[in-house]
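Report on the following structure.
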Amino acid sequence: MSSPASQKTIAFFGATGGCGLSALRRAVAAGYTCIALCRTPAKLEAVFPERPANLVLREGNAHDTKAVAGCLTHPADQGRLVDAVCFSIGGVLNMSSMTMSDPDVCKKGIAALLEALADLRATWGAAGHPLLAVVSTTGISEHGRDVPMAMWPFYKFALHAPHEDKKVAEQKLWACAERYVIVRPSLLVDGEKPDRKIRLHVEGPRGIEKKELGYTISREDVGRWIFENLLSKADSPLEHEGKAVGLTW
């Protein structure tokens, strides 16, 4: 008989690096079936040179609704949606010009994800309500400042372009009927620190429920938190569903 872990399936968009890769490593190690959409699968093949049997790599663009839909059902049961989705795609910021390689990368990706889920249900009768764990950012709250005052000028001016994109992506989530948790990390750095406490800033549709301000957190620790608190528990109702959770050290 297969274990519960082997029965759980998670789709990954944006898993070739950063927070997404950190979450993917843990999900693969836990024995979950992981489906990762990559524009360049070779990047993940280099990370997993001995391809685990529970890792499925698919080539495609996360803005392509058809390619996204191809990752959202269980490999052995096309009528069943995956249990969870880890969405962590993002663009490259050119600091000299303060412009993005694709200024609409996140909002186009979320639109494709929501459209793909709707199409699979309407056209193919796919069943299920996967949890969407979506990486966003601090500094875009509609309910008050969620970063230290010292960082506010940097967030407001240097990160204006990516933050405008993430705002629209979040708005699409707030308005949808899917299960989701928006994950808003502080400024991302490298270096896992598993013994360092992660503090949570929590916002619901009506405002701030728990306030915590911080400067940084690592990509590795964000991915770990997403796996341990969202992806691994996606088959149960979660405390922070329908909310935005800020993560900081």
Side-chain angles (χ1 to χ4, degrees), residues 2-90 105-106 108-135 169 173 178-181 183 222-224 226-236:
S2 59
S3 67
S6 66
Q7 295 172 6
K8 188 172 294 184
T9 301
I10 306 172
F12 287 83
F13 303 99
T16 55
C19 308
L21 179 57
S22 174
L24 176 63
R25 287 181 185 274
R26 289 167 170 81
V28 168
Y32 299 169
T33 298
C34 300
I35 307 171
L37 182 67
C38 317
R39 285 183 296 178
T40 310
K43 290 182 178 180
L44 276 183
E45 289 170 350
V47 176
F48 298 95
E50 297 182 4
R51 178 85 64 84
N54 59 321
L55 175 60
V56 179
L57 300 183
R58 294 192 173 147
E59 185 172 358
N61 192 313
H63 295 161
D64 180 347
T65 301
K66 184 176 180 180
V68 171
C71 299
L72 293 178
T73 57
H74 287 246
D77 184 358
Q78 298 302 300
R80 180 183 171 199
L81 293 172
V82 296
D83 300 286
V85 173
C86 182
F87 180 97
S88 57
I89 70 171
V105 60
C106 292
K108 288 191 295 188
I110 288 296
L113 174 59
L114 296 177
E115 183 179 349
L117 287 168
D119 286 350
L120 286 168
R121 293 188 181 109
T123 305
W124 303 105
H129 296 279
L131 176 73
L132 313 182
V134 178
V135 178
L173 289 169
E178 302 291 344
R179 299 174 61 217
Y180 65 86
V181 176
V183 180
V222 171
R224 174 169 58 86
I226 289 173
F227 172 72
E228 292 178 352
N229 295 276
L230 303 181
L231 303 180
S232 67
K233 301 177 180 179
D235 50 0
S236 303

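Counting from 1, the numbers follow the sequence of the chain as shown. Keep in mind it's a predicted model, so treat the numbers as computed, not measured.
Under a 3.5 Å cut-off, the side chain of R121 and the backbone N or O of G128 do form a donor-acceptor pair. Under the 3.5 Å distance criterion, the side-chain polar atoms of D83 are left unmatched by any main-chain donor or acceptor of I10.
Annotation: F227 is in aromatic contact with Y32 [ring centroid separation under 6.0 Å].
Two residues are said to be in side-chain contact when any heavy atoms from C-beta on lie closer than 4.5 Å; V183 and L230 meet this criterion. L37 places none of its side-chain heavy atoms less than 4.5 Å from the side chain of I35. Residues R80 and T9 have side chains not in contact (no heavy-atom distance under 4.5 Å, counting atoms from C-beta outward). Taking 4.5 Å as the limit, some side-chain heavy atom of V105 sits within range of a side-chain heavy atom of H63. In this structure, the side chains of L173 and F87 stay at 4.5 Å or more apart for every pair of heavy atoms. Proximity of L231 to F12: side-chain heavy atoms (C-beta onward) are separated by under 4.5 Å at one or more points. With a 4.5 Å cut-off on side-chain heavy atoms, L24 and C34 count as touching.
Taking each heavy atom of G60 and A67 in turn, the nearest pair found is CA-CB, 4.4 Å. Heavy atoms only, all atoms of each residue included: L120 and A69 are closest at CD1-O, 3.7 Å. Looking at every heavy atom in both residues, K8 comes nearest to S232 through NZ-O, 2.8 Å. A234 and L131 get closest at one heavy-atom pair: CB-CB, 4.0 Å. L57 and E45 get closest at one heavy-atom pair: CD1-CG, 3.6 Å. Scanning all heavy atoms of the two residues, the minimum distance from V82 to A11 falls at CG2-CB, 4.3 Å.
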(message) side chain to side chain contact (heavy atoms under 4.5 Å, CB included) for V85 and L117? Distances and angles first, verdict last.
(response) CA-CA 11 Å; V85 173; L117 287 168; 5.7 Å; no
(request) Could you check L132 against L114 for side chain to side chain contact (heavy atoms under 4.5 Å, CB included), going step by step and ending with a plain yes or no? (result) CA-CA 10 Å; L132 313 182; L114 296 177; 4.1 Å; yes
(message) Quick one, L44 with L21, criterion side chain to side chain contact (heavy atoms under 4.5 Å, CB included). Give me CA distance, side-chain angles, the key distance, then yes/no.
(response) CA-CA 9 Å; L44 276 183; L21 179 57; 3.8 Å; yes
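Listed by first and then second residue, the side-chain hydrogen bond (donor to acceptor under 3.5 Å, both in side chains) pairs that reach into residues 17-27 are S22-R26, R26-E192, sequence neighbours excluded.
Every side-chain contact (heavy atoms from CB on, under 4.5 Å) that R39 has, sequence neighbours left out, goes to N61.
Remark: of the listed residues C86, C38, C71, C71 is the sole one forming a side-chain contact (heavy atoms from CB on, under 4.5 Å) with F13.
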